[in-house]
Amino acid sequence: MTDQAFQVDLRGVVDLLSRHLYASPRVYLRELLQNAVDAITARGEGGGRVRVETGGGALRVHDDGVGLTADEVHTLLATIGRSSKRDELGFSRHDFLGQFGIGLLSAFLVADEIEVVTRSARGGEAVRWTGRSEGSYRVEPGERAEPGTTVTLRARPGAGELLSPPVVAELARTYGSLLPVELTVDGVRISEEPPWRASHPDPQARRWALEAYCESLYGFTPFDVVDVHVAEAGLAGVAFVLPQPVAPTARAAHRVYLKRMLLAEGVEGLLPEWAFFARCVVDAGELRPTASREALYEDELLDATRQALGESLRQWLVTLAETDQRRLQDFLELHHHGVRAMALHDDDMLRLVYRWLDFETSAGRMTLAEFRRRHPDGRFTVEVDEFRRLSAVAGAQGVGLVNAGYTYEAQIIERLPAIDPDLRLARLDAAELATAFGVLDPATELALRPFLAAARRAVERLDCEVVVRDFDPPSLPALFLTSRDAQFRDELTRAKEESGELWADVLGALGGTVGVERPQLVLNHRNPLTRRIIALGDGGPVEVAVQALYGQALLLGHHPLRPADTAVLNRSFLGLLEWAVHTPEGGR
């Protein structure tokens with residue numbers, strides 16, 4: 001039994017390229033330009049020229065590169081997937097954009113026939129190679145006086161537009177405008193210097209030119225332009241800072257060139273996730289493309305590049321904080337989410353957030369630095385609702401409170417000791433506020449004993465204590481305070497009621513380790529309504545009035561309502577309504 005060679009179905013290969021490798025047949029021109037530039041590079045004489053000509057439904061790409069001999073034509077153009085001989089000829093060097101073979105096959109996406117006329121700079125006669133999409137090719141003598149190569153395509157049915165002069169000019173400008181060779185399309189020069197390398201009379205003129213470039217690419221004038229360089233990746237370019245807020249989850253797509261040939265306009269993963277406020281245009285010499293040459297290959301070099309680009313943006317922010325604080329504030333208003341994300345793992349960013357980023361506090365919006373100056377013993381909450389229900393009361397007692405209920409804020413506050421051990425802020429336990437309230441004088445306390453006994457009976461089934469204190473603001477009749485331990489115990493109770501028998505036993509065992517501190521309904525003796533309820537005496541509806549205050553305190557504090565709480569709310573409302581409309585028997 002003898003080994004047999006695989007038979008390659010060229011139509012199947014082309015179909016595979018069009019359906020699964022390349023996102024669009026438009027890449028055919030990129031591949032042809034890539035081969036032309038590589039041939040010029042292989043010749044090694046510097047300069048070089050690529051001419052693209054259109055007309056009559058045909059496309060011709062001329063280069064003055066190294067060219068091929070007849071043997072090399074057979075090796076490079078007629079064998080799919082064989083690389084050893086290609087490497088011997090010098091086309092495996094890392095400074096080439098791509099390789100012959102698969103790249104040339106992409107021309108079959110738009111043409112049924114490819115004609116290559118080439119003459120080698122190493123000597124020999126010109127050769128004509130004609131390949132057909134059905135799988136055959138022919139090699140014969142060609143006509144060409146100078147070394148180089150001409151590739152000719154004639155549009156297949158339905159692909160005429162892709163070879164039309166306007167589309168070819170657009171594709172050449174898109175993919176090849178920054179190539180390091182002279183590129184013309186129908187006599188019009190396309191190639192130019194990368195905008196970040198172009199010379200300008202002064203820094204301001206350069207800034208205006210780059211802003212105009214950003215406007216033409218992305219449709220916005222950037223907030224700022226940041227030069228980026230990563231020597232290890234041979235990368236240079238610019239990052240444009242977005243001038244409007246953008247969601248942290250927004251797709252951040254960047255324009256990436258490899259050896260000055262456009263890889264793609266929508267490359268993701270070039271920057272760290274926290275740097276969603278920037279869009280980059282870069283050229284890299286050492287990063288690796290995927291097989292389709294439409295994305296970057298994820299490897300250690302790309303990861304190191306990503307971190308280095310993030311460091312460039314971080315350093316830009318630090319410099320802004322030192323040199324232009326007004327502009328820094330403008331940036332923070334736009335992109336505070338990204339800066340917060342950076343502060344979670346970067347001490348310099350944490351210092352910047354501490355000094356410059358506003359937080360919501362019980363005394364208004366201010367930086368954490370200003371808050372610490374005013375409230376050395378301040379507290380913070382990790383829930384927005386908790387801050388809203390307690391900020392006015394805490395502020396009235398002189399207890400500074402920071403709302404850390406938004407993304408990253410609690411983690412930032414907890415990280416503050418990393419930059420200064422004295423910057424520690426403690427999380428508020430709501431039960432602590434009761435210790436800041438004024439205590440009634442002994443005579444008043446004694447007089448209130450009968451009322452407190454009735455009030456405690458009114459809520460005894462609700463697992464709640466009732467106390468009377470003197471606190472601001474006077475407009476608040478009652479406040480429901482619960483410690484974190486009590487909240488945890490309440491959540492366990494609800495979970496046990498809703499779970500199966502097995503989980504109820506597990507949760508019950510866990511709940512046994514929690515303290516027995518109970519929530520408090522704190523009645524405000526400064527409030528006129530509360531004092532009238534206290535003065536009702538035995539003949540008044542003390543029970544339903546206290547239950548009504550309990551329900552109002554739960555609602556104002558956005559506390560979750562248990563079935564028992566809802567029942568008490570309904571009962572107190574009906575009881576007060578009945579008492580309000582009650583008339584003595586026989587009355588009118």
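- Taking the side chain as every heavy atom from C-beta outward, Arg340 and Ile412 approach each other to under 4.5 Å.
- The pair Arg119-Asp64 does not count as a salt bridge, with every side-chain nitrogen at least 4.0 angstrom from each carboxylate oxygen.
- Salt-bridge annotation for Glu193 and Arg260: present, with a side-chain N of the basic residue lying under 4.0 Å from a carboxylate O of the acidic one.
- Salt-bridge check for Glu386 with Arg427: failed, with every basic side-chain N at 4.0 Å or more from each acidic carboxylate O.
- A 4.5 Å side-chain heavy-atom check between Leu287 and Val256 finds every atom pair outside the cut-off.
- Using a 4.5 Å heavy-atom cutoff, the side chains of His337 and Phe276 are in contact.
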* **Stepwise side chain to side chain contact (heavy atoms under 4.5 Å, CB included) test for Trp356 and Val339** => CA-CA 11 Å; Trp356 300 109; Val339 177; over 6 Å; no
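- Here the shortest heavy-atom pairing between Ala239 and Val228 reads CB-CG1, 4.2 Å.
- Between the side chain of His62 and the backbone N or O of Gly148, no donor-acceptor pair lies under 3.5 Å.
- When all heavy atoms of Gly378 and Leu425 are compared, the closest pair comes out as O-CD2, 3.5 Å.
- Summarising the local packing, CD of Glu300 is surrounded by 12 or fewer heavy atoms from other residues, nucleotides or ligands at distances under 6.0 Å.
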Problem - Audit row: Leu109, Leu162, side chain to side chain contact (heavy atoms under 4.5 Å, CB included) steps and yes/no - result: CA-CA 10 Å; Leu109 299 176; Leu162 289 171; over 6 Å; no
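- A salt bridge links Arg206 with Asp227: the closest approach of a Lys/Arg side-chain nitrogen to an acidic carboxylate oxygen falls below 4.0 angstrom.
- Using cut-offs of 30° and 60° for the angle between ring planes, the His345 and Trp274 rings count as tilted.
- Arg326 CZ: 12 or fewer foreign heavy atoms inside a 6.0 Å radius.
- Note: Tyr218 and Phe240 have perpendicular aromatic rings, judged against thresholds of 30 and 60 degrees for the angle between ring planes.
- Counting heavy atoms from C-beta on, the side chains of Thr305 and Leu296 never come closer than 4.5 Å.
- At a threshold of 4.5 Å between non-hydrogen side-chain atoms, the residues Tyr175 and Val27 count as touching.
- Side-chain contact between Asp347 and Arg415 is present, with at least one heavy-atom pair separated by less than 4.5 Å.
- Dense packing is recorded around CZ of Phe220, with more than 12 heavy atoms of other residues, nucleotides or ligands lying under 6.0 Å away.
- Atom-to-atom distance recorded for Lys259:NZ and Leu179:CG is 12.5 Å, nearest 0.5 angstrom.
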If you apply the rule side chain to side chain contact (heavy atoms under 4.5 Å, CB included), what do you find for Tyr406 with Val384, and how did you get there? CA-CA 7 Å; Tyr406 297 108; Val384 175; 3.8 Å; yes
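- Thr130 and Glu115 share no side-chain donor-acceptor pair at under 3.5 Å.
- Taking both residues in full, the closest heavy atoms of Met261 and Arg30 are given as CE-O, 3.7 Å, listed atom of the first, atom of the second, then distance.
- Interatomic distance, Phe387 CZ to Thr361 OG1, rounded to the nearest 0.5 Å: 6.0 Å.
- To the nearest 0.5 Å, atom CG of residue Asp224 and atom CG of residue Leu320 are 7.0 Å apart.
- Taking CD of Gln325 as the start and CZ of Arg355 as the end, the distance is 6.5 Å to the nearest 0.5 Å.
- Between Gly67 and Thr118, the shortest heavy-atom contact is CA-OG1, 3.4 Å.
- Using a 4.5 Å heavy-atom threshold, the side chains of Leu352 and Leu357 count as separate.
- A distance-only check finds a donor-acceptor pair linking the side chain of Ser362 to the backbone of Leu401 [under 3.5 Å].
- Heavy atoms of other residues, nucleotides or ligands lying less than 6.0 angstrom from CD of Gln204 number more than 12.
- Heavy atoms of other residues, nucleotides or ligands lying less than 6.0 angstrom from CD of Glu232 number 12 at most.
- Taking the six-membered ring for Trp, Phe277 and Phe331 have ring centres closer than 6.0 Å.
- Taking CG of Leu32 as the reference point, atom CZ of Arg60 lies at 13.5 Å (rounded to 0.5 Å).
- Atom CD of Gln307 is surrounded by more than 12 heavy atoms from other residues, nucleotides or ligands within 6.0 Å.
- Side-chain contact between Asp283 and Pro194: absent, with no pair of heavy atoms (C-beta onward) separated by less than 4.5 Å.
- We find that Arg173 and Glu170 are not joined by a salt bridge, their nearest charged nitrogen and carboxylate oxygen being 4.0 Å or further apart.
- In Arg424, the CZ atom is not crowded: 12 or fewer heavy atoms of neighbouring residues, nucleotides or ligands sit closer than 6.0 Å.
- In plain terms, the two heavy atoms of Leu313 and Ala275 that are nearest each other are CD1-CB, 3.7 Å.
- The minimum heavy-atom distance between Tyr257 and Thr174, with the atom names listed, is OH-O, 4.3 Å.
- Judged by distance alone, with hydrogens and angles left aside, the side-chain atoms of Asp186 form a donor-acceptor pair with the main-chain N or O of Thr54 at under 3.5 Å.
- Expressed to the nearest 0.5 Å, how far CZ of Arg372 lies from CD of Glu370 amounts to 12.5 Å.
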> For Ile114 and Tyr137, what are the C-alpha separation, side-chain angles and deciding distance, and is it a side chain to side chain contact (heavy atoms under 4.5 Å, CB included)?
Replying inline: CA-CA 9 Å; Ile114 304 171; Tyr137 73 92; over 6 Å; no
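- Using modelled atom types, no side-chain atom of Glu383 and backbone atom of Gly405 make a donor-acceptor pair closer than 3.5 Å.
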